[in-house]
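Worksheet for the structure shown next.
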Amino acid sequence: MPELPDVQVFKEYFDATALHQKVAAIEKCRHDLLHGISANRLGEALQGHPFTTTIRHGKWLFARAGEDGWLVLHFGMTGTLRYYEKEDKAPGHIRMLLRFENGYRLAFDCTRKLGRISFAESVEKFIEEHDLGPDALEVAGDAEKLTEMLQGKRGSIKSALMDQSLLAGIGNIYSDEILFVAGVRPQDKVPDLWGKQRREIARAMEEVLRGAIDCRVGEKGWPGGKWLVPHREDGEKCPRCGGRIKKEKISGRSSYFCRDHQG
DNA sequence: ACGCTTCCCTGGAGGC
DNA sequence: TGCCTCCAGGGAAGCG
């Protein structure tokens, strides 16, 4: 379930490993995960260039390869990165594999094949073409900005937070978590929210996203305490108020919220 | 035009 | 034990 905080951790992992390494070869690349470019062309574009910088926007990771453009990765639900030297460290579902001149490899591992591999000449153009809104961290903490982007929305606040064209980076897990912290029901309709609730959501967005990045949730799991995630089960006890956690489908996704302190 | 549903994909869990 | 179905949830396509 890599969402914004998890992809941020992948970016930091990439920066600490593959960045500045020169690509010797692309050793493997599943064509069914590739979009808009062939494996051969991608290989040509990457080979001989070092990665010079990375950018994360929402759930997308961009790695600049030479002067030609950017390797673009989306982690779907089960995607992850692994940088290794010894073959016994290789993960089990490699969909793309780069070999560097230093002998190390970077594997893009993705069990359920819902990830994406692509190549872009410009990050800005890619964001525009894929109709991505501003990164959720830019909106976090800013109630005015949030209010502005919710303008005209009639559906539930949960689907609005998950709408990548409104703001990029929040998925099912984090939308629930943000609304849990904000004390707002996920199924509440956007036009029915009070100003105070929108302010709480903006504030919770910052707390949850930054908190998850800071404790590197993607690598280390969820720490104990007041997170909803470890309690995502119907009938569980709410870690904040002791109330009951309820499961409900909202626009096709399983949602969990506290019956008592939310709403 | 918008929002909801369905589909893709794989592996783990649970039922019988 | 083995088989079947369901569920997880990214994005995109389809539908009303």
Side-chain angles (χ1 to χ4, degrees), chain A residues 1-11 28-37 56-62 72-81 91-96 107-120 126-136 148-180 185-193 208-209 212 217-218 221-222 228-236 245-257:
Chain A
M1 39 101 229
E3 301 178 30
L4 187 153
D6 316 296
V7 179
Q8 179 65 29
V9 172
F10 291 152
K11 172 185 154 53
K28 206 182 278 182
C29 194
R30 292 278 312 204
H31 66 273
D32 46 353
L33 276 77
L34 272 174
H35 282 249
I37 190 168
R56 182 196 55 73
H57 187 94
K59 304 174 192 172
W60 296 86
L61 181 61
F62 303 85
V72 186
L73 296 176
H74 191 289
F75 296 88
M77 184 185 168
T78 53
T80 188
L81 294 175
H93 302 274
I94 298 176
R95 309 306 183 191
M96 185 189 67
F108 177 65
D109 187 90
C110 190
T111 312
R112 289 183 201 172
K113 291 183 177 170
L114 294 172
R116 296 282 151 96
I117 305 163
S118 187
F119 192 77
F126 184 93
I127 288 170
E128 201 186 314
E129 279 171 6
H130 287 75
D131 194 23
L132 298 173
D135 188 77
E148 197 182 302
M149 56 194 23
L150 291 177
Q151 206 69 38
K153 289 283 151 187
R154 289 178 283 117
S156 69
I157 180 62
K158 180 184 167 90
S159 4
L161 290 181
M162 286 176 57
D163 183 345
Q164 302 301 298
S165 68
L166 270 192
L167 76 172
I170 296 171
N172 197 39
I173 301 287
Y174 284 92
S175 58
D176 277 1
E177 196 66 52
I178 289 163
L179 294 169
F180 176 81
R185 293 222 170 184
Q187 59 273 56
D188 281 0
K189 301 281 182 250
V190 170
D192 298 340
L193 293 177
V208 168
L209 296 178
V217 158
W222 295 78
L228 168 64
V229 167
H231 305 273
R232 285 171 74 84
E233 201 166 328
D234 207 16
E236 268 270 312
I245 301 297
K246 201 170 175 345
K247 176 184 180 179
E248 220 170 272
K249 273 229 189 300
I250 299 170
S251 53
R253 298 277 179 250
S254 302
S255 302
Y256 297 83
F257 61 95

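Since this is a predicted model, take the numbers as computed values, not measurements. Per chain, numbering begins at 1; letters A, B, ... match sequence-line order.
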- Compare side-chain N and O positions of A:H130 against OP1 and OP2 of C:dG11 and report whether any pair is under 4.0 Å apart. no
- Counting side-chain heavy atoms from C-beta on, which of C:dG11, B:dT10, B:dG11 comes nearest to A:R116? C:dG11
- Note on the structure: A:K113 has its side chain closest, among B:dC9, C:dG10, B:dG11, to B:dC9
- Task: Tell me which nucleotide among C:dC7, C:dG10, B:dG11 gets nearest to the side chain of A:T111.
- Result: B:dG11
- Message: How many whole angstroms separate atom CE of A:M77 from atom C1' of B:dC7?
- Response: 15 Å
- Query: Given B:dC9, B:dC4, C:dG11, which nucleotide is nearest the side-chain atoms of A:S251?
  - Reply: B:dC4
- Message: Looking at the base of C:dA8, is there any donor atom on it, or on the side chain of A:R112, that sits under 3.5 Å from an acceptor on the other one?
- Response: yes
- Per A:S159 side chain, nearest of listed nucleotides C:dA8, B:dC4, B:dG3: B:dC4
- Message: Give me the atom names and distance for the closest heavy-atom approach of A:K59 to A:I170.
- Response: NZ-O, 3.5 Å
- Message: Need one value for A:T78: base, sugar-phosphate or nothing, where a base atom within 4.0 Å counts as base even if backbone is also close, heavy atoms only.
- Response: nothing
- Measure from NZ on A:K59 to C1' on C:dG11 and round the result to the nearest Å. 8 Å
- Query: What is the distance from CG of A:L61 to C1' of C:dG11, rounded to the nearest Å?
  - Reply: 17 Å
- Query: Rounding to a whole Å, what distance do you find between A:I173:CD1 and C:dC7:P?
  - Reply: 16 Å
- Query: Given C:dA12, C:dA8, B:dG11, which nucleotide is nearest the side-chain atoms of A:H93?
  - Reply: B:dG11
- Message: OP1 or OP2 of C:dG11 versus the side-chain N and O atoms of A:Q164: is any pair under 4.0 Å?
- Response: yes
- Task: In whole angstrom, give the distance that lies between atom CG of A:D6 and atom C1' of C:dG10.
- Result: 12 Å
- A:N172 has its side chain closest, among C:dA8, B:dT10, C:dG10, to C:dG10
- Testing C:dA8, B:dG11, B:dG3 for proximity to the side chain of A:K249, the answer is C:dA8
- Query: Atom NE2 of A:H31 to atom P of B:dC8: distance rounded to whole Å?
  - Reply: 16 Å
- Task: Over 60° means perpendicular and under 30° means parallel, so classify the ring planes of A:F126 and A:F62, tilted if in between.
- Result: perpendicular
- Pairwise side-chain contact, A:R232 with A:I173, heavy-atom cut-off 4.5 Å (strictly under): yes
- Message: Applying the side chain to side chain donor-acceptor pair (under 3.5 Å) criterion to A:K158, which one of A:N172, A:D188, A:D163 satisfies it?
- Response: A:N172
- Query: How long is the line joining NZ of A:K153 and C1' of B:dA1, in whole Å?
  - Reply: 9 Å
- Run the numbers on A:D135 and A:R56 for salt bridge (charged side-chain N to carboxylate O under 4.0 Å, His left out), then give the verdict. CA-CA 9 Å; A:D135 188 77; A:R56 182 196 55 73; 2.6 Å; yes
- Query: How long is the line joining CG of A:L150 and P of B:dC2, in whole Å?
  - Reply: 14 Å
- Is there a donor and acceptor pair closer than 3.5 Å between the side chain of A:R253 and the base of B:dG3? no
- Look at the side chain of A:S118 and the backbone N and O of A:H35, then say whether any donor-acceptor pair between them is shorter than 3.5 Å. yes
